[in-house]
Amino acid sequence: MSNLTIDAERLWGSLMETAQIGGTPDGGIARLTLSDEDRRVRDWLRAECDALGLSLTVDEVGNMFATRAGTRTDLPAIAMGSHLDTQPTGGKFDGVLGVLAGLEVLRTLDAAGYQTEAPLMLVNWTNEEGSRFSPAMLGSGIWAGVYSREYGDGRTDPTGDSFGASLDRIGYRGKARAGSVSFGAMFELHIEQGPILEAEGVRIGVVQGIQGMRWFDLTLTGTAAHTGSTPMNMRRNALLGMAQVIEGIDRIAKAHENAVGTIGFLDIIPNSHNVIPGEVRATIDLRHPSDEVLDRMQAEVEVLVRKAAQAVGLEYRFEQISRTAPVIFDPECIASVRAGAKAAGYDTRDLISGAGHDAAHAAAKVPTTMIFVPCKGGLSHNPAESTLPGECAAGAQVLLEAVLDYDRRMAEARKEVAA
């Protein structure tokens, strides 16, 4: 399809360079969204975009869009990208690979003097992880109209700092209205965050869609009291109620094929050695490829929470904070990925993403798909997260070929319509 080849060493060098921004002693990255480390990596990306002569637009929730002009102005941009924020104990590749591979595609085209017909766009979405400000994929969600800017600005982290104030503090609240930056298609390269590609020895995953995801906040409230002087039969132990919920979430998820359910965050108040917990806050994460199954799981969780609270004599507040429907990706974008993998000489394997991604929100507005590469042991959200240099390069090469294929498809389609 093309004689263009991405520079594997340059891509790996960029991955290792950005890994120093928020790097941790165990080899991971702690680069929470809208932190000083996030500002620094954004500044790095801005400088790299400036060096390529890209036109950079930042919207009012901090999403970054860098555009390389095409030869035609009647075609919408083809976007590539992901996110640069990480979990508190994140790795070097989750999200970051998608942004830096997109940057490498633009570097490769620039070095070769190759001009696509459609403009190309590099995107860095704000707050994909949701580890500091819940829900996840907030920046892309606001861009897609799922959430309002006001909702986003009002989200707070565990210390009480707001999304809006943090965005202003790091200087990345842009002037463009959220949702005003448009493009015609989106390709997101990502590590699999699962074990299938590595286990089967396949380099490229052709992602067909993303399973549905629902997040909830749960607060159980009892009575904080002295552990030594409060009889067992007179306690209102919020942590005991939460323990029943935790066990129940695991049981409900196992009862539905292909489902997962998790409580990954607990805030125990007052969290003191000799005080019975008076309040416990938790997040509940339910995922499945079917909305109907998620409906059943949610109903079962609501019954579980009510019964657990009644059993221990607790009050409770159960609130849904995020709902992402299962996503089926665009057939034309998928076809371009298949064509790109064939041109690059890689076998493929069809996959459904178990993790949420910004591509889920993008897919609601424009043709979208994803490309997966292996990660060691399927491990992600962990400092030990590992993807080999050759695997990163393979994904970036397929991204390049897929974008070029889609560019040709789109240009030819417009010519046929005009004729």
Side-chain angles (χ1 to χ4, degrees), residues 6-7 9-23 29-69 77-87 90-111 119-129 132 137-140 142-143 166-176 178 181 183 186-191 357-359 362 387 392 395-396 399-400 403:
I6 65 101
D7 187 327
E9 290 187 6
R10 183 171 57 195
L11 172 60
W12 188 256
S14 293
L15 286 164
M16 295 304 104
E17 181 180 356
T18 54
Q20 301 307 308
I21 304 174
I29 304 176
R31 194 162 61 220
L32 300 183
T33 193
L34 307 185
S35 63
D36 288 337
E37 291 77 19
D38 189 20
R39 174 189 55 77
R40 288 170 55 204
V41 78
R42 286 167 174 268
D43 289 347
W44 181 93
L45 181 63
R46 180 192 290 271
E48 294 299 315
C49 290
D50 287 346
L52 291 174
L54 306 179
S55 174
L56 180 65
T57 299
V58 182
D59 72 11
E60 61 188 347
V61 294
N63 295 320
M64 301 172 70
F65 306 90
T67 304
R68 182 179 192 261
I78 302 171
M80 305 170 285
S82 193
H83 62 96
L84 293 174
D85 65 316
T86 76
Q87 291 285 330
K92 298 181 180 72
F93 305 96
D94 176 6
V96 184
L97 175 60
V99 177
L100 299 191
L103 177 65
E104 178 56 35
V105 167
L106 298 179
R107 286 169 169 169
T108 301
L109 296 175
D110 184 70
L120 299 184
M121 181 181 289
L122 178 64
V123 185
N124 172 38
W125 298 108
T126 301
N127 194 58
E128 190 275 349
E129 291 292 358
R132 183 181 179 196
M137 296 111 64
L138 184 59
S140 58
I142 295 173
W143 173 85
S166 298
L167 182 62
D168 290 332
R169 183 185 63 80
I170 70 167
Y172 268 89
R173 189 189 293 281
K175 295 181 180 179
V181 177
F183 46 84
M186 176 82 187
F187 292 83
E188 182 173 359
L189 172 65
H190 209 280
I191 59 172
H357 300 282
D358 292 306
T387 297
C392 294
L399 176 65
L400 168 62
V403 166

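From a predicted model like this one, the values you see are computed outputs, not experimental measurements. For the numbers below, each heavy atom of this structure counts, side chains included, while hydrogens, waters and symmetry mates do not.
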If you measure from [atom1] on [X] to [atom2] on [Y], what distance do you get to the nearest 0.5 Å?
X    : Y    : atom1 : atom2 : value
C392 : L11  : SG    : CG    : 6.0 Å
T18  : W44  : OG1   : CH2   : 5.5 Å
R10  : L15  : CZ    : CG    : 12.5 Å
L120 : T67  : CG    : OG1   : 9.0 Å
T57  : K175 : OG1   : NZ    : 11.5 Å
H190 : T387 : NE2   : OG1   : 10.0 Å

Checklist outcome for this item: By side-chain hydrogen bond (donor to acceptor under 3.5 Å, both in side chains), R169 pairs with (sequence neighbours left out) D36

Checklist entry - Is the closest side-chain heavy-atom distance between I78 and M121 below 4.5 Å? => result no

Checklist entry - Does the side chain of L84 come within less than 4.5 Å of E128's, by heavy atoms? => result no

Item to check | Stepwise side chain to side chain contact (heavy atoms under 4.5 Å, CB included) check, E104 with L400 | outcome: CA-CA 9 Å; E104 178 56 35; L400 168 62; over 6 Å; no

Next on the checklist: With side chain to side chain contact (heavy atoms under 4.5 Å, CB included) as the criterion, how do E188 and D358 come out once you've worked through the C-alpha distance, each side chain's angles and the decisive distance to 0.1 Å?
Outcome noted: CA-CA 8 Å; E188 182 173 359; D358 292 306; 4.2 Å; yes

With sequence neighbours excluded, what pairs up with [X] under the side-chain contact (heavy atoms from CB on, under 4.5 Å) test?
X    : value
T86  : I29, R31
T33  : D38, D85, T126, N127, R132, F133
A66  : C49, L54, L56, L122
D168 : R173

Checklist entry - By ring-ring contact (aromatic ring centres under 6.0 Å, His included), which residues pair with F93, not counting sequence neighbours? => result W12

Checklist entry - Does H83 have any ring-ring contact (aromatic ring centres under 6.0 Å, His included) partners at least two apart in sequence or in another chain, and if so, which? => result none

Checklist entry - Would you find a donor on one side and an acceptor on the other, under 3.5 Å apart, between the side chain of N63 and the backbone of G139? => result yes

Checklist entry - Between W125 and W143, is there a donor-acceptor pair closer than 3.5 Å when you use the side chain of the first and the backbone of the second? => result no

Not counting sequence neighbours, which residues clear salt bridge (Lys or Arg N to Asp or Glu O under 4.0 Å) with [X]? List them please.
X    : result
D110 : none
R46  : none
E129 : none
R68  : none

Next on the checklist: Is a donor from one side chain sitting under 3.5 angstrom from an acceptor on the other, for S166 and R39?
Outcome noted: no

Checklist entry - Minimum heavy-atom separation for G62 to L167, with atom names? => result CA-CD1, 3.9 Å

Checklist entry - After noting the C-alpha distance and the side-chain angles of S82 and V96, does the key distance pass the side chain to side chain contact (heavy atoms under 4.5 Å, CB included) rule? => result CA-CA 7 Å; S82 193; V96 184; over 6 Å; no

Next on the checklist: Suppose the criterion is salt bridge (charged side-chain N to carboxylate O under 4.0 Å, His left out): which pairs have a residue in residues 53-67, not counting sequence neighbours?
Outcome noted: E60-R149

Checklist entry - Using 30° and 60° as the class limits, which term best fits the ring planes of F65 and F183: parallel, tilted or perpendicular? => result tilted

Item to check | Ion pair check, E37 and R40, cut-off under 4.0 Å | outcome: no

Checklist entry - After noting the C-alpha distance and the side-chain angles of M80 and L189, does the key distance pass the side chain to side chain contact (heavy atoms under 4.5 Å, CB included) rule? => result CA-CA 8 Å; M80 305 170 285; L189 172 65; over 6 Å; no

